[in-house]
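Below is one structure, written out as C-alpha coordinates; comments come after it.
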Amino acid sequence: MAAARFLVLIVCLLCSPLASARVLPLAAPAWAELDARQHEVLAPLEADWNGMTPVSRRKWLGICDRYDRLSADEQARIQVRMRDWARLNPDERSRARMQYRAMQKLPPDRRSNLHAEWERYQNLPPEGRRPEAVTPAPRRPGAALQGQVDIFR
(Lines give C-alpha, C1' and ligand atoms only; values in the text may rest on other atoms or scores of the structure.)
Protein backbone atom coordinates (compact mmCIF):
# COMPACT_ATOMS: atom_id res chain seq x y z
CA MET A 1 0.00 0.00 0.00
CA ALA A 2 2.79 2.46 0.93
CA ALA A 3 4.66 1.59 -2.27
CA ALA A 4 1.56 2.39 -4.34
CA ARG A 5 1.15 5.79 -2.65
CA PHE A 6 4.81 6.54 -3.26
CA LEU A 7 4.44 5.58 -6.93
CA VAL A 8 1.37 7.83 -7.29
CA LEU A 9 3.30 10.69 -5.68
CA ILE A 10 6.21 10.25 -8.09
CA VAL A 11 3.87 10.17 -11.12
CA CYS A 12 2.09 13.31 -9.92
CA LEU A 13 5.37 15.14 -9.44
CA LEU A 14 6.67 14.13 -12.86
CA CYS A 15 3.46 15.28 -14.53
CA SER A 16 3.28 18.58 -12.69
CA PRO A 17 4.21 21.87 -14.38
CA LEU A 18 7.16 22.19 -12.01
CA ALA A 19 8.78 19.09 -13.46
CA SER A 20 8.72 20.52 -16.97
CA ALA A 21 9.87 24.01 -16.00
CA ARG A 22 13.38 24.77 -17.16
CA VAL A 23 15.77 26.35 -14.73
CA LEU A 24 17.22 29.31 -16.56
CA PRO A 25 20.72 30.36 -15.61
CA LEU A 26 20.96 33.86 -14.26
CA ALA A 27 22.50 35.97 -16.99
CA ALA A 28 25.91 37.47 -16.35
CA PRO A 29 26.76 38.94 -19.75
CA ALA A 30 30.22 39.90 -20.92
CA TRP A 31 30.93 43.60 -21.50
CA ALA A 32 30.43 43.23 -25.26
CA GLU A 33 26.91 41.86 -24.66
CA LEU A 34 25.70 44.92 -22.72
CA ASP A 35 23.56 47.53 -24.45
CA ALA A 36 24.56 51.16 -24.98
CA ARG A 37 22.75 52.43 -21.86
CA GLN A 38 24.44 49.79 -19.69
CA HIS A 39 27.83 50.74 -21.19
CA GLU A 40 27.14 54.39 -20.35
CA VAL A 41 26.09 53.78 -16.74
CA LEU A 42 28.66 51.08 -15.96
CA ALA A 43 31.57 52.72 -17.85
CA PRO A 44 33.81 53.04 -14.75
CA LEU A 45 33.71 49.24 -14.40
CA GLU A 46 34.57 48.39 -18.02
CA ALA A 47 38.18 47.36 -17.38
CA ASP A 48 37.14 44.97 -14.58
CA TRP A 49 33.80 43.76 -15.97
CA ASN A 50 34.85 40.53 -17.67
CA GLY A 51 36.89 39.51 -14.63
CA MET A 52 33.99 39.96 -12.21
CA THR A 53 32.04 37.04 -10.84
CA PRO A 54 28.56 36.48 -12.29
CA VAL A 55 27.10 37.49 -8.92
CA SER A 56 28.93 40.85 -9.02
CA ARG A 57 27.87 41.49 -12.60
CA ARG A 58 24.23 40.79 -11.74
CA LYS A 59 24.48 43.16 -8.76
CA TRP A 60 25.78 45.96 -10.97
CA LEU A 61 23.18 45.21 -13.65
CA GLY A 62 20.48 45.52 -10.98
CA ILE A 63 21.86 48.94 -10.02
CA CYS A 64 21.90 49.86 -13.71
CA ASP A 65 18.25 48.83 -14.08
CA ARG A 66 17.24 51.15 -11.22
CA TYR A 67 19.60 53.95 -12.26
CA ASP A 68 17.10 56.03 -14.29
CA ARG A 69 14.65 56.09 -11.38
CA LEU A 70 17.26 57.64 -9.06
CA SER A 71 17.63 61.35 -8.42
CA ALA A 72 20.48 63.20 -10.12
CA ASP A 73 22.34 63.35 -6.78
CA GLU A 74 22.01 59.60 -6.27
CA GLN A 75 23.19 58.94 -9.83
CA ALA A 76 26.22 61.18 -9.30
CA ARG A 77 27.00 59.40 -6.00
CA ILE A 78 26.85 55.99 -7.70
CA GLN A 79 29.15 57.18 -10.49
CA VAL A 80 31.69 58.49 -7.98
CA ARG A 81 31.56 55.26 -5.98
CA MET A 82 31.98 53.15 -9.12
CA ARG A 83 35.02 55.21 -10.17
CA ASP A 84 36.49 54.97 -6.67
CA TRP A 85 35.91 51.20 -6.57
CA ALA A 86 37.46 50.75 -10.01
CA ARG A 87 40.62 52.58 -8.84
CA LEU A 88 41.16 50.27 -5.87
CA ASN A 89 43.66 47.44 -6.17
CA PRO A 90 42.58 43.91 -5.14
CA ASP A 91 44.04 44.26 -1.62
CA GLU A 92 42.22 47.54 -1.04
CA ARG A 93 38.96 46.02 -2.29
CA SER A 94 39.40 43.06 0.03
CA ARG A 95 40.04 45.38 2.98
CA ALA A 96 36.98 47.46 2.07
CA ARG A 97 34.81 44.32 1.96
CA MET A 98 36.13 43.17 5.35
CA GLN A 99 35.49 46.58 6.91
CA TYR A 100 31.97 46.65 5.44
CA ARG A 101 31.22 43.21 6.93
CA ALA A 102 32.66 44.28 10.28
CA MET A 103 30.50 47.42 10.30
CA GLN A 104 27.39 45.36 9.57
CA LYS A 105 28.09 43.31 12.70
CA LEU A 106 28.25 46.39 14.94
CA PRO A 107 25.22 47.28 17.05
CA PRO A 108 23.07 50.00 15.42
CA ASP A 109 23.99 52.64 18.02
CA ARG A 110 27.72 52.10 17.51
CA ARG A 111 27.25 52.16 13.74
CA SER A 112 25.34 55.47 13.91
CA ASN A 113 28.14 56.90 16.08
CA LEU A 114 30.64 55.94 13.37
CA HIS A 115 28.47 57.58 10.73
CA ALA A 116 28.27 60.77 12.81
CA GLU A 117 32.05 60.77 13.30
CA TRP A 118 32.59 60.23 9.58
CA GLU A 119 30.29 63.15 8.72
CA ARG A 120 32.20 65.34 11.17
CA TYR A 121 35.50 64.23 9.65
CA GLN A 122 34.24 64.95 6.12
CA ASN A 123 33.31 68.50 7.18
CA LEU A 124 36.82 69.24 8.44
CA PRO A 125 39.12 71.35 6.27
CA PRO A 126 41.67 69.24 4.33
CA GLU A 127 44.53 70.12 6.71
CA GLY A 128 42.45 68.88 9.66
CA ARG A 129 41.68 65.53 8.06
CA ARG A 130 44.00 63.31 9.99
CA PRO A 131 43.00 60.09 11.70
CA GLU A 132 43.96 61.69 15.01
CA ALA A 133 41.48 64.50 14.33
CA VAL A 134 38.53 62.21 14.92
CA THR A 135 37.94 61.41 18.53
CA PRO A 136 36.72 57.89 19.13
CA ALA A 137 33.26 57.40 20.57
CA PRO A 138 33.28 56.75 24.30
CA ARG A 139 33.42 53.05 25.11
CA ARG A 140 31.38 51.24 27.69
CA PRO A 141 33.47 50.27 30.69
CA GLY A 142 34.77 46.76 30.26
CA ALA A 143 33.78 46.56 26.58
CA ALA A 144 35.92 44.18 24.59
CA LEU A 145 37.91 45.46 21.66
CA GLN A 146 36.44 42.71 19.50
CA GLY A 147 34.31 44.04 16.66
CA GLN A 148 36.04 47.42 16.52
CA VAL A 149 36.49 48.76 13.01
CA ASP A 150 39.53 50.69 11.88
CA ILE A 151 37.91 52.97 9.30
CA PHE A 152 41.07 55.00 8.64
CA ARG A 153 43.43 52.27 7.46
Side-chain angles (χ1 to χ4, degrees), residues 13-14 16-153:
L13 286 174
L14 291 174
S16 75
L18 293 176
S20 62
R22 281 185 36 217
V23 177
L24 298 175
L26 295 174
W31 183 259
E33 297 170 5
L34 300 179
D35 63 37
R37 180 65 178 147
Q38 291 169 326
H39 279 164
E40 180 183 338
V41 173
L42 301 171
L45 305 173
E46 180 179 6
D48 296 323
W49 186 264
N50 289 331
M52 287 182 189
T53 66
V55 172
S56 293
R57 289 185 201 178
R58 285 191 297 272
K59 180 194 80 134
W60 286 112
L61 288 171
I63 291 170
C64 187
D65 290 343
R66 294 185 302 273
Y67 190 80
D68 290 330
R69 293 188 300 267
L70 300 175
S71 70
D73 287 343
E74 290 171 318
Q75 289 178 355
R77 183 174 50 103
I78 286 175
Q79 288 296 314
V80 166
R81 288 186 176 177
M82 272 194 280
R83 279 193 299 276
D84 290 347
W85 184 257
R87 289 182 185 128
L88 296 177
N89 66 43
D91 289 337
E92 292 169 328
R93 289 179 185 183
S94 178
R95 190 169 57 230
R97 286 184 192 104
M98 287 185 341
Q99 286 180 344
Y100 176 80
R101 285 196 277 303
M103 281 204 51
Q104 296 306 306
K105 292 178 184 176
L106 291 176
D109 60 326
R110 176 72 174 122
R111 205 175 327 152
S112 65
N113 287 343
L114 283 175
H115 287 294
E117 288 293 321
W118 179 247
E119 288 296 321
R120 200 173 63 133
Y121 178 79
Q122 291 291 85
N123 291 328
L124 289 174
E127 60 276 0
R129 289 187 183 185
R130 299 179 321 275
E132 312 83 64
V134 177
T135 56
R139 294 190 187 158
R140 297 184 323 258
L145 294 177
Q146 152 187 5
Q148 299 297 314
V149 178
D150 182 5
I151 61 173
F152 299 107
R153 266 180 128 197

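Please read all numbers here as calculations on a predicted model, not as lab measurements.
- The side-chain heavy atoms of Arg120 and His115, taken from C-beta on, include no pair separated by under 4.5 Å.
- Nearest approach of Pro44 to Ala86, heavy atoms of both residues: O-CB, 3.2 Å.
- Across every non-hydrogen atom of Gln38 and Asp35, the tightest pair is N-OD1, 2.7 Å.
- Side chain of Arg93 to backbone of Leu88: a donor-acceptor contact under 3.5 angstrom is found.
- Between the side chain of Trp118 and the backbone N or O of Asn113, no donor-acceptor pair lies under 3.5 Å.
- Taking each heavy atom of Trp85 and Ala96 in turn, the nearest pair found is CZ3-CB, 4.0 Å.
- Expressed to the nearest 0.5 Å, how far CG of Leu114 lies from CD of Glu119 amounts to 12.0 Å.
- Note that the CZ atom of Arg77 and the CD atom of Gln75 stand 11.0 Å from one another [nearest 0.5 Å].
- In this structure, Glu74 contributes its side chain and Ser71 its backbone to a donor-acceptor pair below 3.5 Å.
- In this structure, Cys64 SG and Leu34 CG are separated by 8.0 Å, a value rounded to the nearest 0.5 Å.
- Separating the CG atom in Asp68 from the CZ atom in Arg37 is a distance of 4.0 Å, to the nearest 0.5 Å.
- Here the side chains of Leu61 and Leu42 are in contact, with some heavy-atom distance below 4.5 Å.
- Gln79 CD to Glu40 CD: the interatomic distance, rounded to the nearest 0.5 Å, is 8.5 Å.
- Side-chain contact between Ile63 and Arg81: absent, with no pair of heavy atoms (C-beta onward) separated by less than 4.5 Å.
- Within the 4.5 Å cutoff, side-chain heavy atoms of Met82 are placed close to those of Trp60.
- A donor-acceptor distance shorter than 3.5 angstrom exists from the side chain of His39 to the backbone of Trp31, with no hydrogens or angles considered.
- Rounding to the nearest 0.5 Å gives a distance of 4.5 Å between CD1 of Ile78 and CG of Leu70.
- For the residue pair Gln104 and Arg111, the shortest heavy atom distance occurs at O-NH2, 3.5 Å.
- Counting all heavy atoms, side chain and backbone alike, Arg57 lies closest to Asn50 at NH2-O, 2.8 Å.
- Proximity of Glu117 to Tyr121: side-chain heavy atoms (C-beta onward) are nowhere separated by under 4.5 Å.
- The pair Asp84-Arg87 meets the salt-bridge criterion, since a charged nitrogen lies less than 4.0 angstrom from a carboxylate oxygen.
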